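Just below is one structure, and these are the notes that go with it.
Below, each value reflects all heavy atoms present in this structure, side chains not excepted, and no hydrogens, waters or symmetry copies. Reminder, nothing fancy here: chain letters follow the sequence lines and each chain counts from 1. Since this is a predicted model, take the numbers as computed values, not measurements.
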Amino acid sequence: MHDIKYIRDNAGEFDKAMARRGLGAQSPAILALDEERRGVLTRLQEMQARRNDESRKIGEIKKSGGDASAQMEAVAAMKVDMAAMEGSVRDLEMKQSHILAGLPNIMGPDVPDGADESENVELRKWGEIKSLSGPDHVAIGEGLGLIDFETAAKMSGARFTLLSGPMARMERALVQFFLDTHTGEHGYTEVSPPLLVRDNALYGTGQLPKFSEDLFKIKKREEGKDKPDEVDLETGRTTMYARAATYENAWLIPTAEVPLTNIVAEMIVEEDTLPRRYAAFTPCFRSEAGAAGKDTRGMLRQHQFYKVEMVSVTAPEESAAEHERMTACAETVLRKLELPFRTIVLCSGDTGFGATKTYDIEVWLPGQETYREISSCSNCKDFQARRMNARMRSKGEKETRFVHTLNGSGVAVGRALIAVIENYYDQADGGVWVPEALKPYMGGLEKITV
RNA sequence: GGAGGAGUGGCAGAGCGGUUGAAUGCAACGGUCUUGAAAACCGUCGUGGGUUUACGCCCACCGUGGGUUCGAAUCCCACCUCCUCCGCCA
């Protein structure tokens, strides 16, 4: 959400920032609307002031036993005009906030210009690539009989995976390792948040209203429709989305960023309790509506995956440094896993809606002979805070300021599993070595073999 | 699912339909006192918005949205949320 005052005072700057997002000049329309809104508002308020005055007089007249019917009639006559103006103000306000809520965040000056992901800029590389190429996780996992896409598809459709045995355990081991590292060494507080959230939470982090098609929604069962007994006995199909009759219109979280960031929604936090650092392990649900046909092989892009997420809430002055720190925290777990990675800064065309600046960490995948995203760390500054009204107060200060929020994967568990499988593959026997860091979580197992 | 209760400022908690934006307490801030601090005392102290060069003036906000009224925190309706008890349940 953008500050209309900022746009009023910095229309040129604002339009330049939107131009970097590939948008035309936004301020003329916004400012015209704003002016109209304020014009009507001022006239309405003048009328309200007059009404209040008259009403007060009526009260006085009546108290002293006089006849106030003339005044009462006059005020009653004003009501028609006032109602119209109220409607018009509300209308204009809604139009305005609709426009403002739909515009992306202003990017940092140090974000490189570029049209798409091909123009992202590599910042650093780490690790020795031991296998430049090799079988992908699908071949390896199916060879071991521990990754099963067909069975998952049977019950759930495309973009689901079923892991079993030591492969399932390794996924859990990654989760444990990531969380233990971030809570034990990086100062994050572990959180186990709700996975179903309301509209306003998703609005706060910026997924709504623009990106609803990327999400899964729990729909209320309509009375008389979608009943469990309406399952078609021949096909076994039903149109029912959920049986939770008491819970309606919730969304499955696409990332723990949503519940974690919303912890501070509607709050005024004392500055000395900042930074707040939260880490959570959660499933993530994404419809992948815009990715049809993309990454269809394997478990790289799923409707459901696990992720350990980091969220920081900081004072405005601290967010840039926190961004670097958070990215380093994500890199650390990859270092400990000895997985080769590179860190890039996303160019203007690839930076997400709510971010001012985003670092992606990409891990080397021998099966694809390329680096693929495994973490994304963004500084949203006050963009989300404004939307969710998350503020802070400094010691001794009276006024509040919006906090800055940051989020980053620490890291995506499914993709980390892919990276381990492919980078620790032993072509001699088709097995997968267990990374040193994961051994404590694998009961000391050295290697996954047939 | 059934039956009740409640939503007011940073927090707690009052509030006959007519200067109530809202008592009181706590917290916070400024000051007096003190070597310093505490205590005590005095004072300040909600948010958002419009307008003004400025002092200021004005408007809105007591869960949300409607309604009644000349006038609503206060009355009516709907909704949302939270709490308690019962039932069911991992």
Side-chain angles (χ1 to χ4, degrees), chain A residues 1-9 30-97 100-101 192 194-204 218 220-221 223 227-228 242-251 262 264-274 283 382 385-403:
Chain A
M1 175 62 85
H2 294 285
D3 184 0
I4 183 65
K5 282 189 196 156
Y6 174 83
I7 301 175
R8 281 208 284 261
D9 298 342
I30 295 172
L31 292 180
L33 186 65
D34 185 49
E35 204 162 314
E36 188 188 351
R37 195 198 100 241
R38 285 186 294 158
V40 180
L41 183 61
T42 300
R43 275 187 288 135
L44 171 65
Q45 292 187 343
E46 282 166 0
M47 200 171 271
Q48 285 171 323
R50 245 192 301 150
R51 180 208 52 194
N52 290 349
D53 260 6
E54 291 301 316
S55 290
R56 210 164 300 147
K57 274 185 211 156
I58 292 167
E60 281 162 24
I61 293 171
K62 283 198 155 186
K63 211 174 251 175
S64 56
D67 173 27
S69 54
Q71 283 85 345
M72 281 164 72
E73 238 171 82
V75 177
M78 296 170 68
K79 282 172 78 174
V80 184
D81 281 348
M82 285 178 52
M85 274 194 258
E86 272 169 24
S88 153
V89 166
R90 201 173 19 229
D91 219 59
L92 293 165
E93 272 173 358
M94 262 170 56
K95 253 187 221 163
Q96 182 168 312
S97 58
L100 294 179
S192 176
L195 309 177
L196 294 174
V197 294
R198 296 203 180 112
D199 294 5
N200 63 323
L202 286 155
Y203 174 81
I218 306 287
K220 187 192 181 186
R221 195 184 69 198
E223 201 52 53
K227 283 186 180 162
R243 297 181 186 196
T246 57
Y247 201 78
E248 55 191 277
N249 299 333
W251 305 79
N262 273 281
V264 292
E266 303 294 338
M267 276 178 70
I268 299 174
V269 298
E270 297 297 328
E271 184 177 11
D272 55 24
T273 69
L274 299 176
D382 65 354
R386 208 175 275 286
R387 286 173 161 247
M388 60 177 73
N389 198 23
R391 294 166 295 170
M392 53 162 272
R393 202 192 317 265
S394 305
K395 199 112 186 120
E397 298 276 324
K398 204 184 137 192
E399 86 283 6
T400 58
R401 289 185 290 160
F402 289 110
V403 296

For A:Arg43, report the nucleic acid contact type (base, sugar-phosphate, nothing); a contact means any heavy atom under 4.0 Å. nothing
Whichever of A:Gln48 and A:Glu73 has its nearest RNA chain B nucleotide further upstream toward 5': A:Gln48
Looking only at the side chain of A:Arg37 (C-beta and beyond, no hydrogens), which of the listed nucleotides B:G49, B:C82, B:U51 gets closest? B:G49
With a 3.5 Å cut-off and just heavy-atom distances, do the side chain of A:Glu54 and the base of B:G71 make a donor-acceptor pair? no
Integer angstrom distance from the P of B:U74 to that of B:G1: 30 Å
Using a cut-off of strictly less than 4.0 Å, decide whether A:Asn52 has a side-chain nitrogen or oxygen near OP1 or OP2 of B:C59. yes
Is the phosphate of B:G66, meaning OP1 or OP2, less than 4.0 Å from a side-chain N or O of A:Arg90? yes
Of B:G50, B:C70, B:G10, the nucleotide closest to the side chain of A:Lys5 is B:G50
Think A:Asn200 has a side-chain N or O under 4.0 angstrom from the OP1 or OP2 of B:C80? no
Please measure how far the P atom in B:A60 lies from the corresponding atom in B:G65, and state the result in whole Å. 15 Å
Options B:C70, B:G49, B:U51, nucleotide nearest the side-chain atoms of A:Met72: B:C70
Could you measure between the two P atoms, the one in B:C88 and the one in B:C16, and give it in whole Å? 43 Å
Upstream residue (5' side of RNA chain B) when A:Ile58 and A:Arg391 are each assigned their closest nucleotide: A:Arg391
May I ask you to decide if A:Val75's main-chain N or O and A:Arg51's side chain share a donor-acceptor pair within less than 3.5 Å? no
Pick base, sugar-phosphate or nothing for A:Arg38, based on heavy-atom distances below 4.0 Å to the nucleic acid. sugar-phosphate
Please determine if a side-chain N or O atom of A:Arg8 lies less than 4.0 Å away from the OP1 or OP2 oxygen of B:G50. yes
B:A60 OP1/OP2 closer than 4.0 Å to side-chain N/O of A:Arg51: yes
Reckon A:Arg386 touches a base, only the sugar-phosphate, or nothing at all at heavy-atom distances under 4.0 Å? nothing
A:Ser55 has its side chain closest, among B:U69, B:G18, B:G50, to B:G18
Could you check which of B:G10, B:C59, B:C70 has an atom nearest any side-chain atom of A:Ile268? B:G10
Exceeds 12 heavy-atom contacts within 6.0 angstrom, atom CD of A:Glu93: yes
